[in-house]
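Here's the structure, in structure tokens; my notes come after.
Since the model is a prediction, treat every value here as computed from it, not as a measurement.
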Amino acid sequence: MNFDGFDLIVVGSGFFGATIAERAARELGLTVAVLDKRTHFGGNSYSEINTETGIEVHPYGTHIFHTNSEEVWTYINRFTQFSEYRHRVLTVHGNRVFSMPINLGTICSFFGRHFTPDEARALVAQEMAAEAIGEPTNLEEKAVKSIGRSLYNAFIRGYTMKQWQTDPRQLPASIIGRLPVRFTFDDRYFADRFEGMPLGGYGAIFRTMLNQPKIQMCLGVDFFDIRDQIPAGKPIIYTGAIDRYYDYQFGELGWRTVDLEWEVAQTPDFQGTSVMNYADMDVPFTRIHEFRHLHPERPFDGDKTIIAREFSRFAGKGDEPYYPIATPADRDLYERYVALTEREPNVIFGGRLGTYRYLDMHQAIGAALKCYDTQVVPLVTAGKPLRV
Ligand code: UDP
């Protein structure tokens, strides 16, 4: 393939790459080649219709769009309209169903009695007093400090062990920071200002973003197979794994992956909700996704539904990387790779894989918009080097 005629090469068509490509083509009129080794665009956010059931599925797990950023919300709304969907998650513990994240409803159900917010706080404080935890140094301490030992043991410990295959005392407190605890009956999973599901699905968003004359999509093309055909110095936005870019010369960064076990169930409704978590260790999976519930606005009169059971494990080479493990050793390794990027002023590393950071969709878009403003625009408007 001849890349001479392109102004910009974007490697990876997830939200980071797609946003840069869309902006560069539409705003700056650049000619952009977007490469993706997969045969579809959209990275892990991709969605498609399952032909057997007619239900839209998320092949890499449920993706709900939510953000607090007005800028990101305005941007994404150029490509889709959103439904009024508000994500709510339930969790099964001891054959009973509770609301997640832990809120006053969860606490009342768990202890089998009515609690006011003050009473619930007092209960947690009382359980806490027995623990003598200072500044939390790990996930268990952080969780116990905010919800007490009983709720931690019921809803967090087993789930976290299954998801990370690591004792929660060995995990950073930041992981649980993603999960709010509420002393109200608010049972929404996300607390962001803006939330919804794209009415036409994620596949449609990417199609609208990328389907323009200045963008050429090269699907099923692995950057490493054609790398030597790209002229030296050509600006590249690389959103693949940073360790692979450098041929793993210092070693591999640690990732976790998930296995989704798919099933078409012979019932119109398998579990009555989109995501059901399983908190207990004796159930091997962490959660079950049922995709039809993500779009209650769509008419559905089928007699089958499609579900996926999610299992979590360490990623080996060849597995899809999902969550950076980010031990201190991983962090050091990452910094060593970052030091190498200084020698390549025409390459920008971005996205979850390129920066070894867990990014939600809205964070990937926000980071890409920033990168576009601070790095891509200066290059073409003022002849400044790509890296600033
Ligand atoms: N978590 C848990 N129980 C649950 C849901 C989450 O203990 O029912 C903990 C677990 O440690 C997990 C973390 O909260 O790793 C973050 O959960 P989140 O839902 O953000 O994970 P994601 O949906 O991104 O996989």
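Judged by the 6.0 Å distance and 45° axis criteria, R352 is not positioned over the aromatic ring of Y358. Annotation: cation-pi pair R113/F115 present, NZ/CZ under 6.0 Å from the ring centroid and within 45° of its normal. Geometric assessment of R336 against the ring of F250 yields a positive cation-pi assignment under the 6.0 Å and 45° thresholds.
With salt bridges taken as basic N to acidic carboxylate O contacts below 4.0 Å, none links K317 and D243. We find that K304 and E263 are not joined by a salt bridge, their nearest charged nitrogen and carboxylate oxygen being 4.0 Å or further apart.
Defined by atom type and a distance below 3.5 Å, a donor-acceptor pair is present between the side-chain atoms of D192 and N68. Using a 3.5 Å distance cut-off with no hydrogens or angles, the side chains of Q170 and T166 do not pair a donor with an acceptor. Donor-acceptor pairing under 3.5 Å is lacking for the side chains of S312 and Q165. Inspection of the Y75 and E22 side chains reveals an N or O donor paired with an N or O acceptor under 3.5 Å. When only modelled atom types and interatomic distance are considered, T53 and N50 share a side-chain donor-acceptor pair under 3.5 Å. At a cut-off of 3.5 Å, with distance as the only test, no side-chain donor of E195 or Y85 sits close to an acceptor on the other residue.
Rounding to the nearest 0.5 Å gives a distance of 10.0 Å between CD1 of I365 and CH2 of W73. Distance check: S47 OG to I55 CD1 gives 13.5 Å after rounding to the nearest 0.5 Å.
Minimum interatomic distance between P268 and E290 (heavy atoms only, all atoms of both residues): O-OE2, 4.2 Å. The two residues N44 and H63 have their closest heavy-atom pair at O-CE1, 3.0 Å. In this structure, L253 and D330 approach most closely via the heavy-atom pair CD2-O, 3.4 Å. Looking at every heavy atom in both residues, A120 comes nearest to I107 through CB-CD1, 4.2 Å. Considering every non-hydrogen atom in both F15 and S45, the closest pair reads CD1-OG, 3.5 Å.
Note on ring orientation: taking the six-membered ring where Trp is involved, the planes of F291 and H289 are parallel (angle under 30°, cut-offs 30° and 60°). Using a 30° and 60° split on the angle between ring planes, Y46 and H40 fall in the parallel class, below 30°. Ring-plane geometry between F285 and Y278 is classed as perpendicular, the angle between the planes exceeding 60 degrees on a 0 to 90 degree scale with a lower cut at 30. Below 30°, between 30° and 60°, or above 60°: for Y202 and H58 the angle between ring planes is above 60°, a perpendicular geometry.
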Quiz item: Y356 and W255: ring-ring contact (aromatic ring centres under 6.0 Å, His included), yes or no, with the steps?
Solution: CA-CA 9 Å; Y356 194 56; W255 289 91; 5.1 Å; yes
Practice problem: Show your working on ring-ring contact (aromatic ring centres under 6.0 Å, His included) between F349 and Y245 and close with a plain yes or no. | Solution: CA-CA 10 Å; F349 291 80; Y245 186 91; 4.9 Å; yes
Practice problem: Any chance you could lay out the ring-ring contact (aromatic ring centres under 6.0 Å, His included) test for F82 and F194, step after step, and finish with the verdict? | Solution: CA-CA 10 Å; F82 282 90; F194 308 107; 9.8 Å; no
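Residue F270 is not grouped with residue L294 when hydrophobic side chains (ILVMFWY) are merged at heavy-atom distances under 4.5 angstrom, including chains of intermediate members.
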